[in-house]
Amino acid sequence: LTALQLNTKWFFFLFLGTLIFAVSFAPVDKKAFYLALLVLAISIRVGLNFYFQRSAMHHSTHGFLIQLHYLPLAALYAIWAGRRWLAHSSPGISTRGLAPLTAFFGVGVISVLLGGNVLFGAFDLFALLGSIALFVYASSEIRTERDLRIVLTVLLVSVSIQGVIAIGQHLTRSTLGLEFFGAYDDLGLKSQTWQGLADRTRVGGTIGHPNALAMFFDLLLPLGFSLLFCPFQRRTRLLLSAAVGFGILGHVLTLSRGGFVATGLGCLLIFFVWLRQRNGFLAAICASTLLTALILVFVFGTSNLVTSRFFRDDYKAAFGRIPLIQVALNMIKDRPFFGVGLNNYNEVAPKHDNTPQRVTSWWNVPVHNQFLYIAAQMGLVGLACYLLFILAILRSLWPAIRSSDPLVAWASLGIAVGIAVFLAHLKLEFDSMARNSQFWFVSGLAVSLGHLAATASKRTRAPSNLHGHPIRDP
């Protein structure tokens with residue numbers, strides 16, 4: 001009775017917490033259950049903001065954010081610690097990428113202390129700490145093929161769910177009443193509201209902003225597409241094809257130009273790798289070129305949403321991004337080492353705006369380039385740490401792509417391309433890196449794939465070629 005009187009989000013957290021507590025006593029594989037729940041929860045933007053602060057300025061976080069996936073993550077950490085304690089063994093924490101990531105967090109602390117708004121900076125640091133905890137678990141405890149299958153299955157189920165929701169939002173021109181679960185609720189896209197239904201021109205699923213949903217698909221669609229070439233049985237291929245199909249439709253409906261161009265090129269690269277393995281380099285070049293030409297003719301030779309977005313829509317906003325770059329460069333020149341402080345960008349942006357348009361007086365948003373955004377907030381030192389972390393992640397995938405295990409090899413190729421596509425999109429977009437749970441989890445998964453590849457190489461020394469025998473369905 002008391003729970004029913006709580007705020008909806010508090011009730012939802014209490015319900016999920018009670019479920020997790022109850023499962024702890026059930027005769028099931030608890031790690032598998034909580035791992036599946038964790039992967040599913042990272043695509044649902046439900047969270048509680050403690051000490052919430054309203055602000056007229058854009059901030060990536062407005063309080064000490066407790067996200068939904070923290071609950072299964074806490075349970076998984078408890079299982080991890082308990083098993084290690086009972087076995088009297090070391091924690092087994094993966095160290096890949098930890099050094100630059102730790103330095104990145106340290107630079108964030110310095111930037112907050114030297115910046116102008118310590119409170120909002122502390123909000124971002126708290127969110128970043130939670131994201132680091134997610135990365136550490138994903139990189140350290142996905143160590144078996146069974147764990148990998150669970151993660152890949154739920155990730156692609158999430159792609160399907162987001163794709164279906166995006167299609168529904170487009171057809172009904174509404175949020176489908178899913179604001180509670182993170183659906184985007186922008187007054188600029190509304191003409192009427194009734195029980196969560198509002199006219200819309202773009203879709204965001206439950207990820208939030210349409211560009212955020214596009215970045216979700218940037219990361220995961222190449223993974224799903226890559227797995228289509230893995231030697232699964234027919235039933236699994238059909239399910240994968242459906243997941244990828246729903247994801248592609250959902251991605252297009254976000255109307256994110258940079259997103260679906262980068263993802264399309266990434267999937268084309270995976271297709272080229274597959275053709276090169278089967279038919280040789282020259283045949284792969286010819287087939288990829290022909291496929292690209294056919295897609296371009298189909299997309300730009302007909303009247304559709306994509307051509308409208310490229311040639312008729314929103315060019316004022318697109319060109320408005322150019323003076324934002326100048327504002328960010330001015331910040332970097334003024335504070336080159338540690339930046340203006342985490343979560344403090346828009347508060348100080350007007351002071352650095354010497355553009356002819358005075359862009360921040362009518363459009364005070366972060367620069368639409370993630371690397372400039374990081375450099376402005378955390379200085380060139382912070383950007384260097386971030387790039388070193390990315391490099392460490394991608395290096396861990398290289399041996400995994402060459403693994404003799406086809407599941408590990410194709411999953412690694414998909415993850416590597418997904419991260420590359422995500423980063424390419426971020427050259428034209430900004431992201432709240434401190435709380436982008438999908439990115440941090442996929443980065444941890446990349447490290448785990450490197451560990452799995454090393455394990456597979458110990459079992460067999462056979463040549464690696466992204467081929468293999470049909471894989472049994474789980």
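Every heavy atom of this structure was used, including side-chain atoms; hydrogens, water molecules and symmetry mates were not. Quick caveat, the model's predicted, so the values are computed rather than measured.
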Q.
Working note: Leu98 + Ile93, criterion side-chain contact (heavy atoms from CB on, under 4.5 Å); need CA distance, chi angles, decisive distance, verdict.
A. CA-CA 10 Å; Leu98 270 187; Ile93 297 175; 3.9 Å; yes
Kindly list each side-chain donor-acceptor pair under 3.5 angstrom involving residues 238-249, sequence neighbours excluded, with atom names and distances?
{"residue": "Ser241", "atom": "OG", "partner": "Arg237", "partner atom": "O", "Å": "2.8"}

Q. Has the side chain of Arg276 got a donor or acceptor atom that lies under 3.5 Å from a matching backbone atom of Phe281?
A. no
Q) Would a 4.5 Å heavy-atom cut-off, applied to side chains only, mark Glu145 and Leu452 as touching? A) no
Q. Do Ser94 and Val136 come within less than 4.5 Å of each other through their side chains, counting heavy atoms only?
A. no
Q: Using a 4.5 Å cut-off on heavy atoms from C-beta on, say whether the side chain of Tyr51 contacts that of Leu119.
A: yes
Q. So which heavy atom on Ser437 is nearest to which on Ile42, and how close?
A. OG-O, 3.2 Å
Q | 4.5 Å side-chain heavy-atom contact, Asp218 and Glu429 | A | no
Q.
Tell me the closest heavy-atom pair linking Pro72 and Tyr34, and the distance in Å.
A. CB-O, 3.7 Å
Q: Measure from the side-chain N and O atoms of Ser448 to the backbone N and O of Leu445, and report whether any donor-acceptor pair falls under 3.5 Å.
A: no
Q) Hey, are the side chains of Phe371 and Leu387 touching, using non-hydrogen atoms and a 4.5 Å cut-off? A) yes
Q: Check Trp440, Phe217, Phe439 against Phe422 for a ring pair (Phe, Tyr, Trp, His ring centres under 6.0 Å) and give me the one that passes.
A: Phe439
Q.
Using modelled atom types and a 3.5 Å cut-off, is there a donor and acceptor pairing between side-chain atoms of Thr61 and backbone atoms of Gly63?
A. no
Q: State the OG-CG distance between Ser443 and Leu397, to the nearest 0.5 angstrom.
A: 9.0 Å
Q. Do the side chain of Thr206 and the main chain of Ile44 share a donor and acceptor less than 3.5 angstrom apart?
A. no
Q: Please answer whether the main-chain N or O of Arg54 pairs with a side-chain N or O of His62 as donor and acceptor at a distance below 3.5 Å.
A: no
Q | Nearest atoms (heavy-atom pairs only) where Gly108 meets Leu342 | A | CA-CD1, 4.0 Å
Q. Distance from Leu449 atom CG to Leu407 atom CG, nearest 0.5 Å?
A. 8.5 Å
Q. Going by the angle between their ring planes, with limits at 30° and 60°, are Trp80 and Tyr77 parallel, tilted or perpendicular?
A. tilted
(Q) Working note: Ile161 + Leu40, criterion side-chain contact (heavy atoms from CB on, under 4.5 Å); need CA distance, chi angles, decisive distance, verdict. (A) CA-CA 10 Å; Ile161 292 173; Leu40 187 62; 4.2 Å; yes
Q: May I ask you to decide if Ser90's main-chain N or O and Arg84's side chain share a donor-acceptor pair within less than 3.5 Å?
A: yes
Q.
Please report the interatomic distance CD1(Ile270) to OG(Ser288), rounded to the nearest 0.5 Å.
A. 12.0 Å
Q) Hey, is the main chain of Ile393 close enough, under 3.5 Å, to the side chain of Ser396 for a donor-acceptor pair? A) yes
Q: Report yes if the side chains of Phe104 and Met433 come closer than 4.5 Å at any heavy-atom pair, otherwise no.
A: yes
Q. Is a side-chain N or O of Gln438 found less than 3.5 angstrom from the main chain of Phe216, in a donor-acceptor match?
A. no
Q: Indicate yes or no: at least one non-hydrogen side-chain atom of Ser256 is less than 4.5 angstrom from one of Arg202.
A: yes
Q | Distance-minimising heavy-atom pair for Ser43 and Ser158 | A | OG-OG, 3.8 Å
Q. Would a distance-only check, ignoring hydrogens and angles, find a side-chain to backbone donor-acceptor pair under 3.5 Å from Arg335 to Leu114?
A. yes
Q: Determine the minimum heavy-atom distance between Val381 and Val107, stating which atoms define it.
A: CG1-CG2, 3.7 Å
Q: Could you give me the CA-CA distance, side-chain angles and deciding distance for Val157 and Val39, then say whether side-chain contact (heavy atoms from CB on, under 4.5 Å) is met?
A: CA-CA 10 Å; Val157 167; Val39 179; over 6 Å; no
**Q.** Aromatic centroids of Phe441 and Phe135 separated by under 6.0 Å
**A.** no
(Q) If you take the centroid of each ring, where Trp contributes its six-membered ring, are Phe123 and Phe50 closer together than 6.0 Å? (A) no
Q. Going through the distances and angles, do Leu38 and Val154 end up as a side-chain contact (heavy atoms from CB on, under 4.5 Å)?
A. CA-CA 9 Å; Leu38 172 68; Val154 182; over 6 Å; no
Q) Can you tell me how far the CZ atom of Phe33 sits from the CG atom of Asp29, to the nearest 0.5 Å? A) 11.0 Å
Q. Would you say the side-chain atoms of Gln169 and Thr175 include a donor-acceptor pair closer than 3.5 Å?
A. no
Report, one line per pair, each donor and acceptor closer than 3.5 Å where one atom sits in a side chain of residues 411-418; sequence neighbours left out.
{"residue": "Ser412", "atom": "OG", "partner": "Val408", "partner atom": "O", "Å": "2.6"}

**Q.** Value rounded to 0.5 Å, distance of NE2 in His209 from OG1 in Thr254
**A.** 10.0 Å
Q. Would you find a donor on one side and an acceptor on the other, under 3.5 Å apart, between the side chain of Asn369 and the backbone of Lys427?
A. yes
Q) Any side-chain heavy atom of Asp147 within less than 4.5 Å of one from Glu141? A) no
Q | Listed partners of Arg143 passing salt bridge (charged side-chain N to carboxylate O under 4.0 Å, His left out), at least two apart | A | none
Q) In Å and rounded to the nearest 0.5 Å, what is the CG to CD distance from Asn343 to Gln377? A) 7.0 Å
